[in-house]
There are 2 protein chains.
Amino acid sequence: MDSRRAQLLELGLRLFGTRAYDEVSIDDIAQAANISKGLLYHYFGGKRAFYVAVVSDAARRLVAAIDPDPHLPPPARALAGLDAYLAFVEQRADAYAALVTGGLGADPKIAAVLERARQQIADHILADLGLRFPRPAYRLALRAWIGGVEAACVDWLRRRDLPRDRLLALMLGSLQGALASAHAIDPVDLSVPVPRLVDPGPQGSAPDDPVPDDSVPDER
Amino acid sequence: MDSRRAQLLELGLRLFGTRAYDEVSIDDIAQAANISKGLLYHYFGGKRAFYVAVVSDAARRLVAAIDPDPHLPPPARALAGLDAYLAFVEQRADAYAALVTGGLGADPKIAAVLERARQQIADHILADLGLRFPRPAYRLALRAWIGGVEAACVDWLRRRDLPRDRLLALMLGSLQGALASAHAIDPVDLSVPVPRLVDPGPQGSAPDDPVPDDSVPDER
DNA sequence: ACCGGAGTTGACCTCAGTTCAACTCGGTGC
DNA sequence: GCACCGAGTTGAACTGAGGTCAACTCCGGT
């Protein structure tokens, strides 16, 4: 049955989200799932392969979760995507932690899975912005930004010292800064200019004028 | 003697920089160092503790490597610090890989060591910029930026598709963008304004005015 | 010469990951 | 009804890596 596989993946996500890879034994998994050790080897090749499967599945879910609403115009899609990303981070903090902190000492398989997911997210964002940059500076800027988002999310989950919409605005502003920085370094002639993601508006002394908006503002 | 300890740390850095944690056995280490297994347990508590020691040592070196030249004025110190950071990344790619890809998740000890090093770097940069922000938005923006720098460096080491000075400029631009974004979100009255880090100078044929101004909403 | 302790070793122990032969059991063909 | 089949499942046994420890070697101090 395939549901057993899904059940094991779900369980694995919880276990690996809570404790580190080598602190979770096969016996732990088997016991928590009420199955025998051997069955895990039937469904997955071994512990390592199981872990890879768990991480892959979580990455798949994350990428799926930020899938755009095709009705929105491109720039708003990017915003909605990031918002969905943060929602995932918030709701499934364990899964997210397993993903990002999960490195497992740089297992190439894991690294490849994560890098692939990041690439998909990057493509996603580029498409949502209506841009397409194969140029190194832009690619690197975007890659760095994604790394920054991950770091910020992990930190944010631990501290929670900023409302989510502020975090969203912060990340969007950083994205704009990163893309602008890439543009300064490699000033390719864009058919579409780097869009203005954050609309600062009149910035008074009061720190409480609303950041872009709540969850999904589509301006324009 | 203490030199043996240092020798083992150096060796560990090479080994863990090349292969993943659990692909390096105690016997491997012992054999590579021409010592017996037991001796490793004499100097360090065990494999895990050894790994923590290796990472800590590498982090210490990195933080030491970006120590500022006190003669430079603050903004230039920040630039010099980032330059030194990139130099470290380039020269000791293995050590850097061991640090960043290392055990982000593996172990709370490791996470603590790395987070401490990042904190030091962040303080470093803040001091170099002549700023001091305990406010969440700035802290988070800086933390995200550091995560971005790490991601960019790992990617850059793999691809090498940008000259180092361009990478430096890219990162500096992103920093400025991140800080500006934090400022837009939490507009505290800074005694010292966010400094202009990137001095674009005469750029090629480009159709652009240099980025910062429109990358950064609210320049005040 | 004796002592003591740091440095060092190798045999041994333990336990987690892995393998595998065998058992159940619901469906299929005859 | 019956033999068969293959997926699902199990538990015992194997293997190898991490960890322990009593003992040995130096070597400086008394």
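In the text below, chain A, chain B and the rest are named by the order of the sequence lines, each starting its count at 1. Heavy-atom basis, side chains included; hydrogens, waters and symmetry copies ignored. It should be emphasised that the depicted structure is a prediction, and the values quoted were computed from it without experimental measurement.
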Does B/Leu39 reach a base, just sugar-phosphate, or nothing at all? Heavy atoms under 4.0 Å.
base
Within less than 4.0 Å of OP1 or OP2 of C/dT8, is there a side-chain N or O belonging to B/His42?
no
Spacing of A/Arg5 atom CZ relative to D/dT9 atom C1', expressed in whole Å
17 Å
Rounded to the nearest angstrom, tell me the gap between atom CZ in A/Phe44 and atom P in C/dG17.
16 Å
Nucleotide of D/dT10, C/dG17, D/dG18 approaching A/Ser36 most closely (side-chain heavy atoms)
D/dT10
Option passing ring pair (Phe, Tyr, Trp, His ring centres under 6.0 Å) with B/Phe50 (candidates B/Tyr21, B/Tyr43, B/Phe44)
B/Phe44
Between A/Ile29 (CD1) and C/dG17 (C1'), how many Å, whole number?
11 Å
Using OP1 and OP2 only, check whether a side-chain N or O of B/Arg4 sits under 4.0 Å from C/dT8.
yes
Measure from CG on A/Leu40 to P on C/dC20 and round the result to the nearest Å.
17 Å
Examine A/Lys47 relative to A/Tyr41 and say whether NZ or CZ is less than 6.0 Å from the centre of the six-membered ring and inside a 45° cone about the ring axis.
no
If you only use heavy atoms from C-beta on, which nucleotide in C/dG10, D/dT10, D/dG19 is closest to the side chain of A/Ile35?
D/dT10
Given that A/Gly38 and A/Asp27 both sit by DNA chain C, which one's nearest nucleotide is further toward the 5' end?
A/Asp27
Would you kindly give the CD-to-C1' distance between A/Gln31 and D/dT10, to the nearest whole Å?
16 Å
Classify the side chain of A/Lys37 and the base of D/dT10 as holding, or not holding, a donor-acceptor pair under 3.5 Å.
no
Can you find a side chain N or O atom of B/Tyr43 that sits less than 4.0 Å from OP1 or OP2 on C/dT8?
yes
Looking only at C/dA16, C/dG10, D/dG18, the nucleotide nearest the B/Ile26 side chain is D/dG18
Flag yes if more than 12 heavy atoms outside A/Gln7 fall under 6.0 Å of its CD atom; otherwise flag no.
yes
A/Arg160 charged N/C atom sitting above A/Trp156 aromatic ring, 6.0 Å / 45°
yes
